[in-house]
Peer 1: 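Have a look at this one.
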Amino acid sequence: MNIFKFAIITTLLLSMGSCASSKIIVANSNTTDLSNYEYVVFGEESDGDRELDDIVLLVQNEITNTRLKIASATEGTRLVNQKKHVLTPHINVKTEKWDGGHTYITISFYDFGTGQNIAVIKGSGIGLTISQDQSIALKAIRKKLQATFN
């Protein structure tokens, strides 16, 4: 009888599995060419639950693992004056801590020179635990960032 219960529980857990989704939205996709952007400036770019700052740092690391080169705010201003294209991200992370949880990561990329919103990348994950939710959402973001900026 215990083996039967174990088989049922295992089947239920496997069927629940995990789910990830991601997408990118480009503002003025007819005129905005993300390949023109070479640099990224990090700054006051995060909001949401302060307990999730570790996830924000992981998202920043994922951005630095793309072809975008990191610049300081001072360098970013100098680059913009040289007619270079510079992005600055605003990162939002939200984790639901009830009903099985769900983690959402949203990165809004702004043109550093104009402040115009250029692109939004969204990723989400749902798993069996909060840390699994976060890991799945981070993988979804990683995949979109690599596809967008490499």
Peer 1: Evaluate the side-chain contact (heavy atoms from CB on, under 4.5 Å) criterion for residues I118 and Y37: first the C-alpha distance (whole Å), next the side-chain angles of each, then the deciding distance (0.1 Å), finally the verdict.
Peer 2: CA-CA 10 Å; I118 300 298; Y37 289 89; 3.5 Å; yes

Peer 1: Do you know the tightest heavy-atom contact between E96 and I130?
Peer 2: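 Looking at all heavy atoms of both residues, the closest pair is O-CG1, 4.4 Å.
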
Peer 1: Distance from K144 atom NZ to T66 atom OG1, nearest 0.5 Å?
Peer 2: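 One gets 15.0 Å once the value is rounded to the nearest 0.5 Å.
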
Peer 1: Kindly indicate whether the side chain of H85, heavy atoms from C-beta on, has any atom under 4.5 Å from the side chain of S35.
Peer 2: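 The answer is no, as the side chains (C-beta and beyond) never meet within the 4.5 Å cut-off.
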
Peer 1: Of the non-hydrogen atoms in A137 and G125, which two are nearest, and what is the gap between them?
Peer 2: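 Heavy-atom minimum between the residues: CB-N, 3.6 Å.
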
Peer 1: With sequence neighbours excluded, tell me which residues meet side chain to side chain donor-acceptor pair (under 3.5 Å) with E75.
Peer 2: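 Checked E75 against side chain to side chain donor-acceptor pair (under 3.5 Å); matches are S72.
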
Peer 1: Would you find a donor on one side and an acceptor on the other, under 3.5 Å apart, between the side chain of N117 and the backbone of Y110?
Peer 2: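 No; judged by distance alone, with no hydrogens or angles, the pair does not exist.
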
Peer 1: Sequence neighbours left out, what passes salt bridge (Lys or Arg N to Asp or Glu O under 4.0 Å) with K69? Give chain and number order.
Peer 2: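 If we apply the salt bridge (Lys or Arg N to Asp or Glu O under 4.0 Å) test to K69, skipping adjacent residues, the hits are E38.
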
Peer 1: Show your reasoning for whether ring-ring contact (aromatic ring centres under 6.0 Å, His included) applies to F149 and F109.
Peer 2: CA-CA 12 Å; F149 294 111; F109 284 98; 5.2 Å; yes

Peer 1: Taking C-beta and beyond as the side chain, do I91 and Q60 meet within less than 4.5 Å on heavy atoms?
Peer 2: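 Yes, their side chains come closer than 4.5 Å.
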
Peer 1: Can you pull the salt bridge (charged side-chain N to carboxylate O under 4.0 Å, His left out) pairs that have at least one residue in residues 54-63, sequence neighbours excluded?
Peer 2: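 Output for this query lists E62-R142.
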
Peer 1: Test side-chain contact (heavy atoms from CB on, under 4.5 Å) on K94 and N92; report intermediate values, then the result.
Peer 2: CA-CA 7 Å; K94 180 182 177 204; N92 182 292; 4.3 Å; yes

Peer 1: Atom CD1 in I55, atom CG in N61: separation rounded to 0.5 Å?
Peer 2: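 Here the interatomic distance stands at 11.0 Å.
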
Peer 1: So L145 and T148, do their side chains get closer than 4.5 Å, heavy atoms only?
Peer 2: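 The answer is no; the side chains never approach within 4.5 Å.
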
Peer 1: For Y104, give me all partners under ring-ring contact (aromatic ring centres under 6.0 Å, His included), at least two apart in sequence or on another chain.
Peer 2: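 For Y104, the residues satisfying ring-ring contact (aromatic ring centres under 6.0 Å, His included) (neighbours in sequence not counted) are H102.
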
Peer 1: Which atoms form the tightest heavy-atom contact between L79 and A71, and what is the distance?
Peer 2: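 Scanning both residues, the minimum pair turns out to be CD1-CB, 4.0 Å.
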
Peer 1: Return yes if some donor-acceptor pair links the side-chain N/O of T88 with the main-chain N/O of V41 below 3.5 Å, else return no.
Peer 2: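 Looks like yes, one N/O pair under 3.5 Å.
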
Peer 1: By side-chain contact (heavy atoms from CB on, under 4.5 Å), which residues pair with V40, not counting sequence neighbours?
Peer 2: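 V40: side-chain contact (heavy atoms from CB on, under 4.5 Å) contacts with F42, I63, L68, I70, P89.
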
Peer 1: Could you walk me through whether I136 and T103 satisfy the side-chain contact (heavy atoms from CB on, under 4.5 Å) test, starting with their C-alpha distance in whole Å, then the side-chain angles of each, then the deciding distance to 0.1 Å, before giving a yes or no?
Peer 2: CA-CA 8 Å; I136 293 166; T103 296; over 6 Å; no

Peer 1: Over all heavy atoms of both residues, which pair between A140 and S124 is shortest? Give the atoms and the distance, please.
Peer 2: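 Smallest heavy-atom distance, with atoms named: CB-O, 4.3 Å.
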
Peer 1: Roughly how far, to the nearest 0.5 Å, is NZ of K122 from OG1 of T106?
Peer 2: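 Here the interatomic distance stands at 5.5 Å.
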
Peer 1: In the structure I gave you, are the side-chain heavy atoms of V59 and I105 within less than 4.5 Å of one another anywhere?
Peer 2: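 V59 vs I105: side chains touch.
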
Peer 1: If only atom types and distance count, is the side chain of S135 paired as donor or acceptor with the main-chain N or O of S131 below 3.5 Å?
Peer 2: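 No.
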
Peer 1: Applying side chain to side chain donor-acceptor pair (under 3.5 Å), can you list everything that pairs with T64, at least two apart in sequence or on another chain?
Peer 2: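 Listed in chain order: nothing, the list is empty.
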
